Structure formats: C-alpha cells, structure tokens
> 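Sending over a structure as structure tokens; questions will come in a sec.
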2 protein chains.
Amino acid sequence: MQYSEKQVQIMEAAESLFAEKGFNGTSVRDIAEKANVNLAMISYYFGSKEKLLEALFNYRGEMTKLKLESIVQSPGRTALEKVYLLVDNYINKIISQQCFHRILTREQVLNNTGPISGLILEMKKTNLEIISRLIEEGQKNGEFRSGIDIPMMTTTMVGTASNLVTSKQYYKELSNLQALSEDEFQQYIQEALSKHLKLLFKILLTHEA
Amino acid sequence: MQYSEKQVQIMEAAESLFAEKGFNGTSVRDIAEKANVNLAMISYYFGSKEKLLEALFNYRGEMTKLKLESIVQSPGRTALEKVYLLVDNYINKIISQQCFHRILTREQVLNNTGPISGLILEMKKTNLEIISRLIEEGQKNGEFRSGIDIPMMTTTMVGTASNLVTSKQYYKELSNLQALSEDEFQQYIQEALSKHLKLLFKILLTHEA
DNA sequence: GTTTAAATCAAACATTTGTTTAGTTTTGCG
DNA sequence: CGCAAAACTAAACAAATGTTTGATTTAAAC
C-alpha cells in the first residue's frame, strides 16, 4: 500500500510519541497536535488508533524486505564475511530506526494475538531463514563447525543489539560515557556493538567445542 | 518495607495484568477485580496506580539482592565456574519471574525519569559491578584473556535471555516446538539458554583473539 | 462555471479513566 | 464493654479517552 504525504506525517508523529510514551500512553490528540493535523483526520485516514499502529508496522516493515537477500547472495565472499555484513546491516537498521524499534520491542513483549503479532512473526521468520541459509552454506564448505544452535545465535544478535539500543540511557551511565555527546555516543555503541558481535560470531561459528 | 498480605495480593494481581496488557493498558478496576479487593483499596494502600508499580519494583527488587554476592565469593571454584553459576542464576531468576521481567523490559524502553528509572539503574549497576569483579579476578589469575568488553558482555547475557523469555511465543513457533507442552518448552529454553550462554562466555573469555 | 467527491474542521458523544469522599464495618486494646 | 484507629465499601467526581457527526472548504472533472 502507498501512503499519502499526510498519512506519513501522521505515522511519523505517532512513531516518535509511541516510542517515547508507549502506545497506550499516547492519546490521539497528542498525535494530531504533533503532526499538525485535525484530530478527526486520524480516524478518517486510518480508521482507529490501533489501525494506525498497524499501518506503522506495515510502513516500516516494507522498508526492510530486500536488503538481506542481496547480502546472502553476494558472490565472492566467504560465509563469515557475509555474516559480518549481516551483523552490520542489522545494527544499522535498528540504530537508524530506534523509535520504531522501541515500539516493536514493547509490542512483542505483550501477548498480542492481533495482526501486529502476525507481522512481528513474519519479520522474525524472514530473519531466521536468511541467517539459517547463510550458516548452512558456511557449514557445507567447512568454514563453520557443525552443531550450531541457529535460533539461539540469532536471539543473541537480536537480543544484544536490541537491549543495548532500547536501554542505551542506562548503558551510557554504566559505562561512564556521560561526557560524550549524543552523536558521539551513538557512534560509539555502533562500533562497540559491531566489534563485539563479530567477535562473538566468529569464535562461536569457527571454534571447535 | 514490609508488605501486608493484602498488599502482596494486589501487587501480584497487578503484576500479572501489567505483564499481559501493559501498565497503561490495565485499569485499576481490572486490578481490583483480579485481586478480589475493593477499587478504593489500591489508592488506600499505595496512593496511586503509579506508586503501585513502584511498590512492585521494590518488592521484586528486594528478592534479588544478596544471591549474587554469595556466588562471587564462594571459595574453591574457578572464575569460569563462577561465571557459569552466575549465568544459571540469572536465567533462573528471569524465568521464574517472567511477569515481572516483561514489565521491567517494557519500562526500561521508555525514557522514564521517575523513581522507577532509578531503580532499574540500580539493579543494572549491581549486576555489572559483580560481573566486573568476577571477570577481573579471572584475568588476574590468568584464566581469562585481557581486553574484554565487560558492559557489552553483560548486555549479551541480559539481552539474549531477556529477548528469548519475553518473546518466547515467537521462538516456539520459529523453532518448530509447538508440540511441546508449556512446561516442557520452559525446560527446553532454560537448558538451551544455559548451554548457549556458557559456551559463548567460555570462548569469549578464554579465546585468544 | 457547475458539480461531485475528497479533505478538513469544530464540536459533541458516550465510555473509561484514576482518584476521592463520606460513611460503615472490623479490629485491637485498655 | 467502650472506643479509637484501621480496614473496607459503594457512590460520586472530574478529567481524559477514542470515535463520530454534520457542516464547511478545497480540488478536480466535466
């Protein structure tokens, strides 16, 4: 589906508010004010607040689809190099979409049974499939050891990155990095996270147990 | 502070509802009904809904304090063995307190500036301190390599466990474990998580980069 | 220029919300 | 018992909520 300029305006206002105060902590009046639209426009365009959230999930979900595929299929790279690309790609994604990622994190904790739950599952399925194919490729050509718990490894990548980004205000204080500006800090965690996850995966995938 | 039986009754009803529907998605009437108390009792005992949440954080926070200390100081164990104990202890904690952990996860994503934010920071500080001391002990006696990013390693433990437990409904489907009963599944993720994190830490702490 | 549909708006709507009130019952103690 | 403090209750309260209404403006097509 294609969204009009005004619809995007509303979705992005909602995104930043949902990230800051939570879905139920944000009123449609808050959203209307931030997006500079009339209150009734939200029901007019999206039907309801709940459906606005669904639209946001669709909107952000679309933006992620194809990138991963191209990494896995890029020729002339070792499987480990591809894993590295995948890690950096994932880190970039959740850092550049922090607001959405906060919303996603909060939603996946709830026992949703609605459409959003389905969208989350679909995202996770796609992720896991691609990583699985990549790991298996590396196993076939002898780069990686056998007996790797791929869902658990994926959980470590997602969990580590997610935890760091969604609770970075605590990480900043715990690591005594308060002196850094927001930009510097962002760059710091991006690099630290990349280095950490790559090391982790390298030794996990190649180490003989 | 000591809580009366009725107060605990209210806190535990609130805990399960907050975990299921979120803080703002749960009304005080829901809580009163689930706890089998009169609506006004919540304000009477806790002052407000917000303060009830704070009380819950205090209540659950108390229960975690001393355990870790005793692990680190237990004699006759290698540093790696202590790390293993710590991992299992942490996994047990969040599995046995899943409801609270869901609430904690959702709260730490928000830019809280209130008392809860302070409590979360304190918990994280304590965790990090203990782990740091343990790692440094292992480094001094040559068990562990140098140059370990301890905050990042902690993030991996917390993030992996947290992500798995708070979104286990997705993990179950992604790993094709729907056939397992809830108890069997719980035991499965406990063991898989323990094995995975121990391997991760072992190679991360002892592997020469 | 007229017409028709889409977009926009202020106001109103019915619920639900967290909290308080004012009164009643229970409890513990001298 | 007598009585004061604590525990408990039903009802009421004002504020905030998501959504709808009905009217008005804008835009596009003929």
Side-chain angles (χ1 to χ4, degrees), chain A residues 1-59 103 106-107 110-117, chain B residues 1-59 103 106-107 110-117:
Chain A
M1 177 175 178
Q2 187 83 346
Y3 294 106
S4 74
E5 198 181 327
K6 192 140 265 182
Q7 284 172 305
V8 171
Q9 196 178 326
I10 293 171
M11 284 192 290
E12 292 183 347
E15 183 180 48
S16 95
L17 286 168
F18 289 162
E20 186 190 335
K21 313 198 288 180
F23 176 76
N24 284 308
T26 304
S27 75
V28 290
R29 282 167 183 80
D30 292 338
I31 300 168
E33 191 181 358
K34 179 140 198 165
N36 275 313
V37 299
N38 185 277
L39 172 62
M41 286 293 94
I42 289 163
S43 289
Y44 178 73
Y45 276 125
F46 297 97
S48 70
K49 187 187 169 190
E50 182 74 34
K51 283 182 187 161
L52 165 59
L53 181 64
E54 287 171 34
L56 177 60
F57 267 77
N58 276 311
Y59 177 60
I103 301 169
R106 283 174 57 89
E107 285 304 314
L110 298 184
N111 277 323
N112 251 327
T113 50
I116 288 178
S117 170
Chain B
M1 177 178 179
Q2 186 84 346
Y3 294 106
S4 73
E5 196 182 329
K6 193 140 267 184
Q7 284 171 304
V8 171
Q9 196 178 327
I10 293 171
M11 285 192 288
E12 291 183 347
E15 182 179 48
S16 94
L17 286 168
F18 290 162
E20 185 190 336
K21 312 198 287 179
F23 177 76
N24 284 308
T26 304
S27 75
V28 289
R29 282 168 182 81
D30 293 337
I31 300 168
E33 191 181 359
K34 178 138 196 166
N36 275 313
V37 300
N38 185 277
L39 172 62
M41 285 295 94
I42 289 163
S43 290
Y44 178 72
Y45 277 124
F46 298 96
S48 69
K49 187 187 168 191
E50 183 74 34
K51 283 182 186 160
L52 165 58
L53 181 64
E54 287 170 34
L56 177 60
F57 267 78
N58 276 311
Y59 176 60
I103 301 170
R106 283 174 57 88
E107 285 305 312
L110 298 185
N111 277 323
N112 251 327
T113 50
I116 288 178
S117 170

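Each chain gets a letter, A, B and so on, in the order the sequences are listed, and its residues count up from 1. Bear in mind the structure is a predicted one, so any value in this text is a computation, not a measurement.
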> When the distance from NZ of B:K6 to P of C:dT27 is rounded to whole Å, what number comes out?
10 Å
> Considering every strand and a 4.0 Å limit on heavy-atom distances, what is the contact class for A:S4: base, sugar-phosphate, or nothing?
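Nothing, no heavy atom under 4.0 Å.
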> For B:M41 and D:dA10, give me the distance from atom CE to atom P, rounded to whole Å.
11 Å
> Looking at D:dA10, I'd like to know if its phosphate oxygens (OP1 or OP2) sit under 4.0 Å from a side-chain N or O belonging to B:N38.
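So the side chain of B:N38 is within the cut-off, an N or O lying under 4.0 Å from OP1 or OP2 of D:dA10.
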> Quickly work out the B:E33 CD to C:dT16 C1' distance and round it to whole Å.
15 Å
> Quick check for you: to the nearest 0.5 Å, what is the distance between B:E15 atom CD and B:L52 atom CG?
10.5 Å
> CG of A:L52 versus P of D:dG18: gap in Å, rounded?
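Rounding to the nearest Å, CG of A:L52 and P of D:dG18 are 11 Å apart.
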> Could you tell me whether the side chain of A:L110 reaches within less than 4.5 Å of the side chain of B:K21, counting heavy atoms only?
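No - every pair of side-chain heavy atoms lies 4.5 Å or more apart.
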> What is the distance, rounded to the nearest whole Å, between atom CG of B:D30 and atom C1' of C:dT19?
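So the CG-C1' distance, B:D30 to C:dT19, works out to 16 Å.
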> How long is the straight-line distance from CD1 of B:I10 back to OG of B:S4, given to the nearest 0.5 Å?
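It comes to 7.5 Å.
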> Is the backbone N or O of A:T26 less than 3.5 Å from a side-chain atom of A:K49, with the two atoms forming a donor-acceptor pair by type?
yes
> Please pick, from C:dC9, C:dT19, C:dT21, the nucleotide with the shortest atom-to-atom distance to any side-chain atom of B:V28.
C:dT19
> Check whether any side-chain nitrogen or oxygen of B:K49 sits under 4.0 Å from OP1 or OP2 of C:dT17, and answer yes or no.
no
> Does a side chain donor of either A:E12 or A:Y59 reach within less than 3.5 Å of an acceptor in the other side chain?
yes
> A:Y44 OH to C:dA11 C1': how many Å, rounded?
19 Å
> Would you classify B:F46 as touching base, sugar-phosphate or nothing, given that sugar-phosphate means primed atoms plus P, OP1 and OP2, and contacts are heavy atoms under 4.0 Å?
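If one applies the 4.0 Å heavy-atom cut-off, B:F46 turns out to touch nothing in the nucleic acid.
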> Without decimals, in angstroms, what is the distance between A:I42 CD1 and C:dT8 P?
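The answer, rounded to whole Å, is 12 Å.
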> Which is true for B:S27 with a 4.0 Å heavy-atom rule: it touches a base, it touches only sugar-phosphate, or it touches nothing?
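Sugar-phosphate contact only - B:S27 comes under 4.0 Å of backbone atoms but never of a base.
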> Looking only at side-chain atoms of B:A40, point me to the closest of C:dT21, D:dA12, C:dA7.
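From the listed options, C:dT21 comes nearest.
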> Name the closest nucleotide to the A:L39 side chain, picking from D:dT19, C:dT17, C:dT8.
D:dT19
> Rounding to an integer number of Å, can you tell me how far B:K51 NZ sits from C:dT19 P?
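The distance from NZ of B:K51 to P of C:dT19 comes to 9 Å, rounded to the nearest Å.
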